[in-house]
Amino acid sequence: MRRQIPLYIVLVCGIVFVIQFFIPSHESEFIFEYGQDWVMVIGILALPLGIWSYLRKTWLTAVKKPKERFFAGVSLFGFAIMMLTGLKRESLMAGSLYMELFEYVLIPIQATIFSLLAFYIASAAYRAFRARSVIATMLLGTAFIVMLRLIPLGPISDVNQALVGWILSVPNMAAKRGLLIGIGLGAIATCIKIILGIERTYLGRD
Amino acid sequence: MNPDNPKMGFFETIANIDRRVIFLFIGFAVIIPVLLSFSCTEEATPIVQAVYDEIESLPEGSKVLISFDYGPSTVPEVQPMIDALLRHSCEKNLKMYMMALWGTGHNLISESMQDIIEKEFPHKIYGVDYVNLGYKAGNQGLINVILTDMKKMYTTDARGSEIDAVPMMVDIRNLKSFDLILSMGGGFPGIKEWVLFGGDPGNIPVAGGATAVSAPLLYPYYPRQLLGLLGGIKGAAEYESALIKGYPKFKTHSHPAIDMMGPQTVAHIVIVFFIVIGNITFFIGRKREEGEKREGGVIK
C-alpha cells in the first residue's frame, strides 16, 4: 500500500496534466495553476527535510568516523553560524554580520575552489588534447581556434572571431540541438514510464 | 632518460611533465599580468552587442526584470556582467526589478544594490526606480506561476513592505508586464528555464549572462528565443567596452572584466603553448615507437 498510493497519485496527476496542456480554457488554466501551487508547497516542504538529512548525516559522520570529526564539526559550526546570523529579515541588508560572512568568507571560499578548475583544465588539456586520430585532431583544432579568440592576434583577430562565431553558432548549435531533441524524446519516454508505474526508482527502496 | 639518445630523453621528460609544473606556469600566468595591470581592449561581438542594443533601445521607465540565478562560486565571472548591466539600466532610467531563483541570489542582490545603485546612482529611489523582490523557492515552477500572476508569489518585497505599497509594483500583473527579462547565471534554474517557461510562453524578450562553461549550451536559443548572451569574463568585458564606448564617463568606474581579461589571455597563451608542446612530444614519441617496431621486425 505504501508504494501503491504514490503510484496512483502519479498516474492520475500525469494523465490530468497531459490532457490539461491541450485544453485552452479557464477551467484548465485553473487546474494548472492549482497544480503549480502544490508543486511550490511540496518544494518548500522539502527544504526542512533536506536540512534534517544534512544534519543527521553530518552528525553521524562526526560520531562514527573520528578522522572526519573535525571536518564534520566545521561543517556543522558553519551551518549554525550562518543560520543564526541570518534569522532576522534585517540580516539580509548590506553591512549585517550575515552579509559580511557571506561576502568575506563564503564568496572567497567558493570562488577559490571554482578557480582551481583553471589549473586542472590546463593539466588535462596538456595530456588529453593529442592528435591521435582524425576525430581527435578535429577536436584539437576546434579547441585551439576557440581558445585563440581570447588572445590578441593583431590583424587576424577579426578572422578568428568570425570563425569562432561560426563554430559556436553552426556546428556547436547543430550538436546541441540534436542533443536537446534527444534528451527531450528521452524525457518523454521516461515520463510515460513513470506515469504508467513502470519506472519506480524515484520511490526509493522499500 | 635514454642514455643512448639524450634528445629523446628530454622529450620523454617533457611528455611526462609533472602537473605541478603546469600549475606553477598557470599560477605565474595569472599573477604576473595582475601585478603588471596588463589588460586587453575588447570589441563587442554580435551576441553581446544585441543585449547592449536592446537595453539601449528601451524607452525611459521601461521595466526590466533581473534574475540573480547564481551562487558565490561564479561571482567573479557573473558579477561584472551584473554591474555593467545595472549601470546601463540606471543610466537609461529603466525600472529594475531584482529577484532570485537561487537562494544565494538574494544576498547578491543586496550587494549589487549597495555597490552599484546606492553608491554610483544615489539619486535612485528604492521602490520607485529599483526593487529587491528577493528569493522564492520553486525554480521553474515559480516562473510558471508569475507568468500569470506575479503578486501571488510576491506578497512583500525583500524588506517586508507590502507589495502594493511599493510604487513601482502597482502596475505589475505578471511577467508580461516586463519589457525585458535578464537572467544572470547559467546554471539550473537559469536562462534556459526563463526561456522555456517565461520568455517563450509570454512572448517576452529574454537575454542573459552565463559562465564560460555553460554559454555554449545556450547557443541553440540564440537569437530567436534568447536575444543575446554574455558568455564568461570575455562577454562581460565586451559589454563593459560597449558601455564605455557608449558612455565614456564609465571609463573612470571599475571595470573588473576588462581587468581580468589580461590574466585570462596570458593563461590561455600558456595553455595553448602546453598543448603545442604536448603534441610535438606525442608525435616524436610515436615516430620513435614506430622506428623501434620496425627495427624489431628486421631483427626477427
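Any value given below was found using the heavy atoms of this structure, including those in side chains, with hydrogens, waters and symmetry copies removed. Just so it is clear: chains get the letters A, B, ... in the order the sequence lines come, proteins before strands, and each one is counted from 1.
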Taking side chain as everything from C-beta outward and backbone as N, CA, C, O, which of these in [X] sits under 4.5 Å from a heavy atom of chain B? Side chain, backbone, both or neither.
X         : answer
Leu180(A) : side chain
Leu106(A) : both
Phe114(A) : side chain
Phe144(A) : side chain
Ile42(A)  : neither

So which of [options] has the largest heavy-atom pair count under 4.5 angstrom toward chain A?
options                                    : result
Thr104(B), Leu218(B), Val270(B), Asp149(B) : Thr104(B)
Ala237(B), Gly134(B), Pro220(B), Pro46(B)  : Pro220(B)
Asn16(B), Leu217(B), Val266(B), Ile22(B)   : Ile22(B)
Gly27(B), Pro216(B), Pro76(B)              : Pro216(B)
Leu108(B), Ile47(B), Thr281(B)             : Leu108(B)
Thr265(B), Asn107(B), Val75(B)             : Asn107(B)

From Ile146(B) atom CD1 to Gln36(A) atom CD, the distance as rounded to the nearest 0.5 Å:
11.5 Å
With a 4.5 Å cut-off on side-chain heavy atoms, are [Y] and [X] touching?
X         : Y         : answer
Glu33(A)  : Val145(B) : no
Phe102(A) : Glu111(B) : yes
Asp37(A)  : Lys152(B) : yes
Phe32(A)  : Thr148(B) : no
Arg127(A) : Arg19(B)  : yes
Met40(A)  : Met153(B) : yes

Centre-to-centre under 6.0 Å for Tyr120(A) and Phe23(B), is that the case here?
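Distance test on ring centres: under 6.0 Å, yes.
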Counting only non-hydrogen atoms closer than 4.5 Å, does [X] touch chain A with its backbone (N, CA, C, O), its side chain (CB onward), both, or neither?
X         : answer
Ile233(B) : neither
Phe283(B) : side chain
Met113(B) : neither

Should Arg159(B) and Glu90(A) count as an ion pair when the cut-off is N to O under 4.0 Å?
no
Looking only at Gly43(A), Gly35(A), Ala125(A), Ala131(A), the option with the highest number of non-hydrogen pairs under 4.5 Å against chain B is Ala131(A)
